[in-house]
Amino acid sequence: MERTIKMALVGAGMFGGDVHLRAYADLQRAGISAQLGRLGFDDWARDFAEIKFQLVAIATRTKPSARRAVENFKTRTGGEPKAYFGEKPWREIIRDFPGLDLVAVATPDHLHTEVIMAALNAGAHVITEKPMSLNIQEADDIIELARKRDRLVAVDMHKRYDPDHLRVRDDIKNRIGEPLYGAAYLEEPLEVSTRTFKWVEQSDPFSYVGPHWVDLICHYYQTKPVSLTAVGQKKRLVREGINAYDAVQVRVDFANGMSINFHNNWITPPDFEGPVNQGHEIVGVDGKVESDQQYRGFRWWNKGGGSSTANNHFTRDARPSDGSSSCLSYGVDSLTAGLAATCRM
Ligand SMILES: NC(=O)c1ccc[n+]([C@@H]2O[C@H](COP(=O)([O-])OP(=O)(O)OC[C@H]3O[C@@H](n4cnc5c(N)ncnc54)[C@H](O)[C@@H]3O)[C@@H](O)[C@H]2O)c1
């Protein structure tokens, strides 16, 4: 029996048009088995080898961006998903592809819930970008509908798959003993809030990138937040006529007694050496772990280019002998985990 997972990608901007699109191109070319070993899912490699993946539709806000994404996908695979665009283009996709198996959601933060709910109602599984939603009621509604429809909603939390974080989860966490307190920070470039995103007034720096670290801490300790205090500032972006938070600081107290401070901004000046500044540290009763996710020991400088750093582990392209490219990395691992779960269903 031929099995094909038909997928649609809604949102193909900075992240959807890069990481999701490259990952789904690889799936369409070579299936999922090649990726499974990285996750410890080798047991499924033979069973899933015959499953085919087809990206049937890509939707964005405007026609040119939808066409660009389709062309990019075509260059990588030869396949040509149908382009959709507009205010609610996912509705047409669902109408045109009644047997759709999975919808990948990479729309702006405030536009996840509606797409997820529509996909679930159409009987499709979902892989969504973080944050799954911007409020708890919407999150509860999504979970309830997913259970009712017996569908998956996987949230892209790639920090869980960073090898440094796996080492903390599986080893260092036990060495440093019961956690007391910690800090996690992720500081994004000014360019993101002033040029790339049209939607910063509908979100904030913590809602945008804070979920990565909150999720990671919950994942390490299998505990849940019980209370929080949050403050934010509006001083830099208002200079550009943008009424959005520059920075947000959130202190979260967890059920296991630890307290973690999360610091996020999207106003880092372009002179900074790396794409983003990020890291975390946790103090336990018997030790401490510090992990710098920005400067990983790789730095170069050149005339006219200043001093730069890079994270070569997030995504990297392998070059198969046929001249194509395939994207390997912990940045793709979380998407693969969601897709592997979909294959099992
Ligand atoms: N996992 C990560 O590390 C990571 C990194 C960056 C962004 N993200 C998340 O991914 C999501 C997208 O971020 P981005 O950086 O790609 O943003 P972006 O602004 O670059 O892209 C947004 C995309 O959504 C499309 N879009 C906007 N309104 C739409 C609508 N009504 N219908 C269909 N498409 C619409 C745009 O055309 C564009 O293709 C956000 O939720 C963001 O938080 C995750």
Side-chain angles (χ1 to χ4, degrees), residues 8-23 57-73 81-94 103-119 126-134 138-139 154-162 165 186-189 191-216 242 244 248 264 266 275-276 278 293-294 311 313-315 327 329-338:
L9 172 62
V10 182
M14 183 178 81
F15 207 76
D18 180 29
V19 178
H20 285 257
L21 192 135
R22 282 194 283 159
I58 298 180
T60 67
R61 186 72 186 80
T62 65
K63 189 174 180 179
S65 63
R67 287 297 330 157
R68 262 198 315 276
V70 166
E71 281 310 314
N72 185 1
F73 193 81
K82 203 168 160 196
Y84 291 82
F85 51 90
E87 234 170 82
K88 297 182 192 273
W90 56 90
R91 289 183 173 172
E92 291 158 62
I93 295 179
I94 285 165
V103 175
V105 182
T107 44
D109 291 352
H110 62 290
L111 285 175
H112 293 174
T113 304
E114 202 179 333
V115 192
I116 296 170
M117 296 297 272
V126 174
I127 292 184
T128 182
E129 265 315 317
K130 41 47 61 177
M132 184 170 78
S133 65
L134 284 180
E138 290 181 7
V155 187
D156 177 20
M157 290 299 186
H158 58 243
K159 290 218 179 296
R160 292 186 185 192
Y161 301 88
D162 183 326
H165 299 162
L186 205 168
E187 296 163 344
E188 291 268 328
E191 188 188 1
V192 159
S193 57
T194 52
R195 292 224 288 279
T196 313
F197 296 163
K198 310 279 180 284
W199 42 272
V200 285
E201 293 182 359
Q202 276 85 45
S203 188
D204 66 82
F206 177 74
S207 298
Y208 170 50
V209 280
H212 275 308
W213 293 107
V214 178
D215 174 73
L216 186 73
I242 300 170
V248 177
N264 302 115
W266 44 24
V276 298
Q278 56 176 333
Q293 266 69 45
Q294 189 279 125
N311 173 6
H313 309 268
F314 180 60
T315 60
C327 184
S329 61
Y330 73 81
V332 173
D333 288 347
S334 56
L335 301 179
T336 307

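In listed order, ligands and their atoms are each counted from 1.
- Interatomic distance, Glu187 CD to Gln294 CD, rounded to the nearest 0.5 Å: 10.0 Å.
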Kindly indicate, with the supporting measurements, whether the criterion side-chain contact (heavy atoms from CB on, under 4.5 Å) is fulfilled by His158 and His165.
-> CA-CA 10 Å; His158 58 243; His165 299 162; over 6 Å; no
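- The two residues Ser334 and Tyr161 come nearest to each other via the heavy atoms CB-CE1, 3.3 Å.
- Closest protein heavy atom to atom 12 (C) of ligand 1: Ala106 O, 3.2 Å.
- Looking at every heavy atom in both residues, Ser203 comes nearest to Tyr208 through OG-N, 4.0 Å.
- Short contacts between ligand 1 and His212, defined as distances under 4.0 Å to a heavy atom of the residue, involve ligand atoms 1 (N), 2 (C), 3 (O).
- A side-chain N or O of Glu129 and one of His20 form a donor-acceptor pair less than 3.5 Å apart.
- Considering backbone and side-chain N/O atoms, Thr107 comes within less than 3.5 Å of an N/O atom of ligand 1.
- The distance from ligand 1 to the heavy atoms of Asp156 drops below 4.0 Å at these ligand atoms: 1 (N).
- Of all heavy-atom pairs between Thr315 and Ser329, the closest is CA-CB, 3.2 Å.
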Evaluate side-chain contact (heavy atoms from CB on, under 4.5 Å) for Ile58 paired with Leu21, printing each intermediate quantity in order.
-> CA-CA 9 Å; Ile58 298 180; Leu21 192 135; 4.0 Å; yes
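- Using a 4.0 Å heavy-atom cutoff, Trp199 is listed among the residues neighbouring ligand 1.
- Shortest non-hydrogen contact noted between Ala66 and Thr60 is N-OG1, 3.0 Å.
- Of the protein's non-hydrogen atoms, the one nearest atom 17 (O) of ligand 1 is Phe197 CE2, 3.3 Å.
- Listed by number with element, the atoms of ligand 1 under 4.0 angstrom from any heavy atom of Gly16 are 16 (O).
- Near Asp109, meaning under 4.0 Å from one of its heavy atoms, ligand 1 places the atoms 40 (C), 41 (O), 42 (C), 43 (O).
- For ligand 1, the polar-atom distance check against Arg61 finds a nitrogen or oxygen pair separated by under 3.5 Å.
- Using 4.0 Å as the threshold, Lys88 has no heavy atom nearer than that to any atom of ligand 1.
- When only non-hydrogen protein atoms are considered, atom 8 (N) of ligand 1 lies nearest to Lys130 NZ, 3.6 Å.
- Listed by number with element, the atoms of ligand 1 under 4.0 Å from a non-hydrogen atom of Gly86 are 30 (C), 31 (N), 32 (N).
- Nearest approach of Leu134 to Ser207, heavy atoms of both residues: CD2-CB, 3.6 Å.
- Closest to atom 44 (C) of ligand 1, if we only count protein heavy atoms, is Glu129 OE1, 3.0 Å.
- Not a single heavy atom of Ala66 lies less than 4.0 angstrom from ligand 1.
- At the shortest separation from atom 31 (N) of ligand 1 among protein heavy atoms lies Glu87 O, 2.8 Å.
- Between the choices Leu335, Thr60, Asp18, the shortest heavy-atom distance to atom 34 (N) of ligand 1 belongs to Thr60.
- Closest heavy-atom contact between Glu92 and Phe85: OE2-O, 4.4 Å.
- Nearest residue to atom 22 (C) of ligand 1 from Gly17, Ala12, Pro108 is Pro108 (criterion: closest heavy atom).
- Contacts between Leu111 and ligand 1, counted as non-hydrogen atom pairs separated by less than 4.0 Å, involve the side chain only.
- Some N or O of Met14 is nearer than 3.5 Å to an N or O of ligand 1, by distance alone.
- Distances below 4.0 Å separate heavy atoms of Pro89 from the following atoms of ligand 1: 32 (N), 33 (C).
- Using a 4.0 angstrom heavy-atom cutoff, Trp90 counts as in contact with ligand 1.
- Relative ring orientation between Phe15 and Phe314 is described as tilted, the plane-to-plane angle lying within the 30° to 60° band.
- Closest protein heavy atom to atom 3 (O) of ligand 1: His158 CE1, 2.7 Å.
- At a threshold of 4.0 Å, the pair Asp215-Lys159 does not count as salt-bridged, since none of the basic side-chain nitrogens sits closer than that to a carboxylate oxygen.
- Considering both main-chain and side-chain atoms, Gly13 comes within under 3.5 Å of ligand 1 through a nitrogen or oxygen pair.
- Considering backbone and side-chain N/O atoms, Phe15 comes within less than 3.5 Å of an N/O atom of ligand 1.
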